[in-house]
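What follows is one structure encoded as structure tokens, with my remarks underneath.
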Amino acid sequence: MKKPYFNMLVVLGLTMLLLLPVTTTWAKDLSGDLEIFSWWAGDEGPALEALITLYKARHPNVNVINATVTGGSGVNAKAVLKTRMLGGEPPDSFQVHAGQELIGTWVKADRMEDLTFLFKAQGWDKAFPEGLVKLIGTDKGIWSVPVNIHRSNVCWYVPANLKKWGVSAPKSWDDFFAIAPKLKEKGVVPLALAQNWTANHLWESVALASMGPDNWDALWAGKLAFDSPAGVQAWELFGKVLEFTNDDASSLSWQQATDMVVDGRAAFNIMGDWAAGYLSTTKKLAPGSGFNWGASPGTDGMFIFLADSFGLPKGAPQRDNAIAWLALLGSREGSDAFNPLKGSISARTDSDLSKYNDYGKSAAADFGKDRIAGSLAHGVTANEGFMNDFAAIMEMFLKTKNAQATAKATQQIAVKNGIGK
Ligand code: GAL
């Protein structure tokens with residue numbers, strides 16, 4: 001053998017010998033705890049549990065602590081997280097929405113570690129859509145790992161019930177107002193609603209239908225005032241829609257509002273597609289027959305999106321275990337184990353769609369062609385400061401139904417929380 005080739009082989013062999021123990025013991029050597037913090041408890045849990053099962057297979061010596069605080073959209077979890085973060089007791093990794101909830105809150109407060117090193121090590125530079133990477137990054141780094149894309153503006157119903165009542169799914173709010181009184185006469189709630197945050201959730205679908213996607217984007221860029229005519233009209237339309245919702249909304253969880261549709265007590269519910277996960281994974285209903293869906297009225301061709309992600313807080317007690325967790329979350333394997341159960345689609349561009357049901361396939365197709373808008377209710381467009389103030393404004397509107405005053409108050413909190421700055 002020629003000498004250069006021989007030398008190359010020796011170098012290669014030595015490198016492999018050196019790397020082998022590193023790569024094989026890396027997985028096995030991890031031990032201690034891993035505390036993951038999220039609001040995916042109970043009915044919301046199966047997808048997360050599938051990921052934890054994968055993690056345990058990769059890292060059998062790590063004790064995973066699945067710390068959850070119940071409450072849809074993280075209403076309770078976020079408050080607990082805040083106390084822990086400010087008290088210097090962060091979990092090893094926590095759920096946070098891509099967008100302003102992450103950047104305008106935790107990154108701004110300098111509480112997160114830059115994950116650029118992990119994106120490089122995992123070769124993730126092309127794994128996620130560019131627009132999404134912008135939402136989890138700043139000029140100083142990349143701050144979380146996205147695990148999914150959820151759609152917010154979806155209207156859910158049970159086809160057999162609509163048939164029984166002689167109505168079809170509304171394409172516009174005018175369609176809805178035409179059928180809603182008929183449903184009411186039959187003793188059916190036209191639109192099921194739950195606690196306060198689901199009103200925010202409904203509001204974003206109604207506002208998008210009312211003002212269109214250009215105005216929606218302009219609102220969050222600080223280029224259109226919340227108390228402009230378009231802003232006021234959105235609240236007016238929202239007020240009309242609320243007339244056809246259930247009176248006990250404030251005491252219900254989002255699952256209970258979905259149950260109203262399943263049980264035939266209500267005709268429709270506008271909820272994110274975690275409802276698809278709940279309907280198929282928990283309720284075992286078949287997409288397309290057991291339950292069906294469409295874009296929320298007036299938003300066909302538009303996709304209000306949000307992405308759940310996990311970050312690495314500064315001072316995470318078990319940093320290495322957390323990094324291994326994040327590596328799994330961002331992997332194709334992890335993503336395609338999690339999302340089919342969750343009702344979301346993968347945040348990765350190379351997802352295996354054969355693993356998804358008909359709902360997931362249709363969401364993936366829509367995400368590829370629709371006009372994308374950011375979700376307010378789930379962290380994309382506004383920071384935590386705005387969200388907290390907006391919850392109070394929503395309470396006020398639910399009581400007063402005064403569109404003009406509410407629009408004005410919304411503009412004030414937008415200025416206060418630096419929207420568009
Ligand atoms: C959203 C979250 C979803 C789902 C939902 C209901 O904010 O992004 O993954 O958990 O809340 O709790």
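The basis for the numbers below is simple: all heavy atoms, side chains too, and nothing from hydrogens, waters or symmetry mates. These numbers come from a predicted model, not from an experiment. In each ligand, atom 1 is the first atom listed, and ligand 1 is the first ligand listed.
- Scanning for side chain to side chain donor-acceptor pair (under 3.5 Å) contacts around Glu49 gives an empty result, with sequence neighbours left out.
- Residues with a heavy atom under 4.0 Å from ligand 1: Trp39, Trp40, Glu44, Gly72, Ser73, His97, His150, Trp254, Trp274, Leu306, Asp308, Lys342, His378.
- Between Ser93 and Leu326 the shortest heavy-atom distance is OG-CD2, 3.7 Å.
- Across Gly104 and Lys108, no two heavy atoms sit closer than the pair O-CD, 3.7 Å.
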Take Tyr278 and Asp273 through the side chain to side chain donor-acceptor pair (under 3.5 Å) test and state the conclusion after the steps.
CA-CA 9 Å; Tyr278 177 65; Asp273 50 14; over 6 Å; no
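- With hydrogens and angles left out, the side-chain atoms of Ser344 and Asn339 include a donor and acceptor closer than 3.5 Å.
- No side-chain donor from either of Asn383 and Glu101 sits under 3.5 Å from a side-chain acceptor of the other.
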